[in-house]
Each structure stands twice: as structure tokens, then as C-alpha cells.
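In what follows, a structure is listed as C-alpha cells, so that the remarks can point back to it.
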2 protein chains.
Amino acid sequence: MLWETMGKCEQCIIKQFNSLKTLTNEELVRISSCKTSRVVKKGETIFEEGETLKGIYCVRDGICKLTKLSSNGKDQIIKLVVKGELLGQRSLISDESVNLSAIALNDMELCFIPKSEIMNDLQKNTNFTFDILREMAIDLKEADDIIVNMAQKSVRQRLAETLIYINDSFGTKSDGTLSVLLSREDFANIIGTATESTIRVISQFKKEKLIATIGKQIKIIDIEGLRRVE
Amino acid sequence: MLWETMGKCEQCIIKQFNSLKTLTNEELVRISSCKTSRVVKKGETIFEEGETLKGIYCVRDGICKLTKLSSNGKDQIIKLVVKGELLGQRSLISDESVNLSAIALNDMELCFIPKSEIMNDLQKNTNFTFDILREMAIDLKEADDIIVNMAQKSVRQRLAETLIYINDSFGTKSDGTLSVLLSREDFANIIGTATESTIRVISQFKKEKLIATIGKQIKIIDIEGLRRVE
DNA sequence: TATAAAACATGACATTTATCATATTTCATT
DNA sequence: AATGAAATATGATAAATGTCATGTTTTATA
């Protein structure tokens, strides 16, 4: 684990993408003075389910997955967190150990803000608290949607929707492939199925000319077709 | 729909079970003066997915289900909300139409607090905002757990866990049957399966002496056995 | 570049779950 | 109490998905 000092929060371009944007310059200076930074390599664990977090992370660069271990021993990916987002707020607020593990999907840069500083702002800055609340309300709505999809849709539909989601949320590279690179196993853990089933459906989608693959990379060819998948 | 005046918020025993407990007496008096009350009969809809709510509800008595319609035409029950809880906060906070429908499972008494009053408190009372935030953080964690269960567990396991959840959260009547009475279809919509499948598993559980049924009522006989279901 | 490990892919088969048909029971209403 | 509607129950069968085996390709690393 590598800790280094990075730039100042008040000048950081990342903050505009999350609730930190509601803080005053003065508050940002204070946070900046006590934050630490951390570089995490692809595959490394940022924190693990059950751990007690001593603060929150702000993702300066990279992408990670939030996973939860099911009692049958399989991992479920609950959410992908990208550059600009915060990590660990929920557990800080409900004052519990984290319920999810965070694992880097590529090399990441993180800033860590100690709990005491954040709690201070939650006490005093209503805008900040309300913005965190708004973000969490959105997360909750998304979670509701995921529940319905898991409960009511087929593996084919869930994979199609996952591909569309990743395409729309995180975009594509210049060659048209999805910019978030996931293994087939990761896809399986997002849609909640066996890796083999995921691979089979990917093969079907290829045959149906809905997607193309370049190595493990996936390119969406017919997004409208994917939307119509049943 | 029946509207009537009920008691005063500041004297209401229900408030201790939700975030309203953090409000000052003065704030409660103000809210009380503009709240309205509503009686809803079993099966009636309190609000519907897509509607714009003009405030939040406080459940004075009764139970309702929060459901979401899947694109395949099936309803998914996301949550049961009982006496003491609030209804509609999420949509109020993210300033969107509600993403779930609320339908009474038995006769209910509700108090309705207009949006303007609640938003006023969210602006000014940090304790209130923070408590709403805490509740939402808990809801989000629960939603994560549901996602994992949906994605990774069998219908048998999900039904077993649902029975245990209802038993532990809402208790039993004097004859030992679950105090929240759900139809087989409701159970199916909670665990995300076909009604017939739910009925079959209930029959299995009966044969395995894990539960007993009295009409449509269910009594848990061997809760440890239910926990071991695979 | 060689080599082993990991990831990807596919077939064969088992298991789970959905669907459709059809009884049976329960419940509300007359 | 009679009656029809809704809910519960069960069988037969189809469809979806999981599991295990095995082969191929990709990737990392010596």
C-alpha cells in the first residue's frame, strides 16, 4: 500500500462530481490538511466486508467493484464505483462495519478523509448532509430497480441491461469497446448467474449480431436490439 | 377516501419510532397544525409508481407493501412498511416521482405531512436530516442484502428467509401464526417467483414439518430447520 | 520465447423453476 | 345455506439455468 501526498481538495477537479462540492472553501482547506492519499493496484482490496472504516474515500482515478459474499460462497457485485464518487459513506453514517468489499478493477488513486472531519461537516453543513442524503436516495432507487431485475428478468435480459448500463454510464473507447473492462466472471457476479451461463449468453449475443468481442473486450453493435432482448 | 382530524403530533406515540422523534416540540406543533389524516382500507392504493407526492405519510396503524411493476408485467414487493414508519421520504428528497406503489395489506390509518413543512425541517434541523439519512443508510444496506439473496439463493431459501424475516420483524399472534397475513401471491412477489412455485414450496415445508398452515395463515414450527434450508 | 496459469468456450447432463391445465378449498355475498 | 369468485393446491410438461468435464485461447512471467 502506497501513501503519498497529492493536491489540495479545494483545487481538486474531482470534488465537483460528489457531495464534497457543497463544502465551503474553508471546510475544504481543513479537510485537505488531514486527508491522505493512496494508490491501489488492479485487483487489490480497498476494504473488506465486516471491516470498520475510519473515514471515507474519494475516488480520484480508476474504477472499483463493490461486492458482497453470499452464504453459498459466491460473490455478488452490487455496484461499480468510478472516478469522482465517494466510497464508504453508508457505513460511516449508520455507524456500522461496511457491508460490502471494494476491489479495484484497474489501478486507482484514492483520497482518504478521516471520519472525524466528515462527521464534523455532517453536523454543521446542512447543504453537505442534504447532498449526501440525495445521493443515497438515488442509490436506494437504483437498488430497488436491481432487485426487480434480479427477481423478474432472465439471465439474457439481465446481461443485456448490464451491457447497456455500462455503455451508457461509463462510455466506450475509441474502438467502440466498453471502457470498463470486466471479466466474464465479473459479469456473472453482476447479473447473479454462473460464469458458464454468462459466457453462453455472450456467445448467443455474438451470433445474433447484438455485440462483437475483441479478446475479452465487448463492443455493442445493436443497442436497440439489446433493449428488445427477452 | 376518508379524511379526518386526529390527535396532535407532539402527543402522538407513533413518532418515537421514526425520524419525527428528533423534531422539537415547537416543530411538531407546527407540523400538527397542517397535517391531515387518512383512513385506507385493505387492498387500497396509497400512492402509485410514477405519481408525484406532495408530502410524506406517517403510518399510524396497519401495514402496507411497496411494490414495483416489472416490464414483464409482474409486481415485485420491495418492502413491507408497518405502523410507526414513514412513507415517501425517498421521493421527496430526490425530488422525483415515487418509484414504488404503496398498497394497504390491512386497514390503515395514515397522517400526511405536506412537503413544504418537511423540507423546512430538513433545511433547519440537522438532527432530523441526519436521522432520515441514517434510516436511509439502513434501508440501503437491507436492499443490498435483498439483491444478494435474489441473485444467489434458491426459491426454497428465499421463502425460508422471508418467513423468518416476517416472524422476527413483525412477530406472531397468540396462536403462533405470523401476524402479517400475506397471500401466496404476495409471498411469490416478495421472493420473485411464480405463485405456483411458492405454493409448492409451502407444501414441501409443511411435509418437512418446518411450518404448519391454518387456512392461509402460516405458523413456523421449526425456525432452526428453516435457517438450514438449502 | 517458452511455459504454466488463468480465462474463455462449449458439450452433456442434472436440477430448478415456469407454465398450463385442472381440481379443490375458502370466502364474501346474496 | 346457496352460489360464484378468488385463492390455494397439484400434476404434467417445457424452459431456463446450474454443474461438471474438457478443450482452447489468452495472459503473465520466468
Side-chain angles (χ1 to χ4, degrees), chain A residues 41-44 65 70 72-76 103 105-107 149-163 177-178 181-208 211-219 229-230, chain B residues 41-43 65 70 72-76 103 105-107 149-160 162-163 177-178 181-208 211-219 229-230:
Chain A
K41 291 239 174 286
K42 177 178 173 174
E44 276 185 16
K65 56 182 175 183
S70 165
N72 68 6
K74 288 187 184 171
D75 266 318
Q76 178 67 32
I103 297 163
L105 287 172
N106 50 30
D107 292 352
N149 285 343
M150 287 294 177
Q152 307 276 7
K153 296 190 178 168
S154 67
V155 168
R156 267 176 72 85
Q157 283 179 303
R158 302 209 299 273
L159 180 58
E161 291 193 14
T162 301
L163 291 172
T177 59
L178 298 176
L181 181 60
L182 297 170
S183 67
R184 305 296 192 251
E185 189 182 5
D186 282 331
F187 276 110
N189 292 343
I190 290 175
I191 68 184
T193 190
T195 306
E196 295 95 322
S197 298
T198 303
I199 292 172
R200 265 180 248 275
V201 178
I202 287 176
S203 299
Q204 288 173 17
F205 284 177
K206 273 171 71 174
K207 280 186 195 142
E208 297 165 28
I211 62 173
T213 61
I214 306 170
K216 66 191 295 187
Q217 313 220 63
I218 293 174
K219 182 196 281 193
V229 162
E230 290 202 348
Chain B
K41 291 240 172 288
K42 177 176 173 177
K65 55 182 177 183
S70 166
N72 68 7
K74 288 187 184 170
D75 266 319
Q76 178 67 32
I103 297 163
L105 287 172
N106 50 30
D107 293 352
N149 286 343
M150 287 295 176
Q152 307 275 5
K153 296 190 177 166
S154 67
V155 168
R156 266 176 72 85
Q157 282 180 304
R158 302 208 300 273
L159 179 58
T162 300
L163 292 171
T177 59
L178 297 177
L181 180 60
L182 297 170
S183 68
R184 305 295 191 251
E185 189 181 7
D186 282 332
F187 276 111
N189 292 344
I190 291 175
I191 68 184
T193 191
T195 306
E196 296 95 321
S197 298
T198 303
I199 291 172
R200 264 179 247 276
V201 177
I202 288 176
S203 299
Q204 286 174 19
F205 284 177
K206 274 171 72 174
K207 280 187 191 139
E208 296 165 29
I211 63 173
T213 60
I214 306 169
K216 65 190 294 187
Q217 311 219 65
I218 294 174
K219 184 197 278 192
V229 162
E230 289 201 348

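Letters A, B, ... are given to chains in the order of the sequence lines, protein chains preceding strands, and every chain is numbered from 1.
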**Prompt:** 5'-most contact on DNA chain C: A:Ala151 or A:Thr195, nearest heavy atom basis?
**Reply:**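 Going by which nucleotide is closer to the 5' end, it is A:Thr195.
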**Prompt:** Is it true that the side chains of B:Lys206 and B:Thr213 contain a donor and an acceptor less than 3.5 Å apart?
**Reply:**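 Checked: B:Lys206/B:Thr213 side chains pair up, N/O donor to acceptor below 3.5 Å.
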How long is the line joining [atom1] of [X] and [atom2] of [N], in whole Å?
{"X": "A:Leu181", "N": "C:dA6", "atom1": "CG", "atom2": "C1'", "result": "14 Å"}
{"X": "B:Phe187", "N": "C:dT17", "atom1": "CZ", "atom2": "P", "result": "17 Å"}
{"X": "B:Ile199", "N": "C:dT25", "atom1": "CD1", "atom2": "P", "result": "14 Å"}
{"X": "B:Phe205", "N": "D:dA9", "atom1": "CZ", "atom2": "P", "result": "14 Å"}
{"X": "A:Gln204", "N": "D:dA15", "atom1": "CD", "atom2": "P", "result": "15 Å"}
{"X": "B:Met150", "N": "C:dT17", "atom1": "CE", "atom2": "P", "result": "13 Å"}
{"X": "A:Arg184", "N": "D:dT26", "atom1": "CZ", "atom2": "P", "result": "11 Å"}
{"X": "A:Ile202", "N": "D:dT17", "atom1": "CD1", "atom2": "C1'", "result": "16 Å"}

Closer than 4.0 Å, any side-chain N/O of [X] to the OP1 or OP2 of [N]?
{"X": "B:Thr193", "N": "C:dA18", "answer": "yes"}
{"X": "A:Lys216", "N": "C:dA7", "answer": "no"}
{"X": "B:Lys74", "N": "C:dT19", "answer": "yes"}

**Request:** Name the nucleic acid region contacted by A:Ser203, choosing base, sugar-phosphate or nothing; use a 4.0 angstrom heavy-atom cut-off, strictly under.
**Result:**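 Since only primed, P, OP1 and OP2 atoms lie under 4.0 Å of A:Ser203, the category is sugar-phosphate.
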**Asked** What nucleic acid atoms does B:Lys153 come within less than 4.0 Å of, heavy atoms only: base, sugar-phosphate, or nothing?
**Response**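 It contacts nothing in the nucleic acid.
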**Prompt:** Does a sphere of radius 6.0 Å around CD in A:Glu185 hold more than 12 heavy atoms from other residues, nucleotides or ligands, not counting ones at 6.0 Å or beyond?
**Reply:**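 Count not over threshold, so no.
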**B:Arg200 (side chain) and D:dG11 (base): donor-acceptor pair under 3.5 Å** =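 A donor-acceptor contact between them is present.
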**Asked** Any donor-acceptor pair under 3.5 Å between the side chain of A:Glu196 and the base of C:dC8?
**Response**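 No pair found.
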**Request:** Report yes or no: does B:Arg158 contribute a side-chain atom to a donor-acceptor pair with the main-chain N or O of B:Ile191 at less than 3.5 Å?
**Result:**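 It does hold such a pair.
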**Prompt:** Any sub-3.5 Å donor-acceptor pair from A:Asn189's side-chain atoms to A:Gln76's backbone N or O?
**Reply:**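 Judged by distance alone, no pair lies under 3.5 Å.
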**Prompt:** For the atom pair CZ (B:Arg200) and CZ (B:Arg184), what is the distance rounded to the nearest 0.5 Å?
**Reply:**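 It is 14.0 Å, given to the nearest 0.5 Å.
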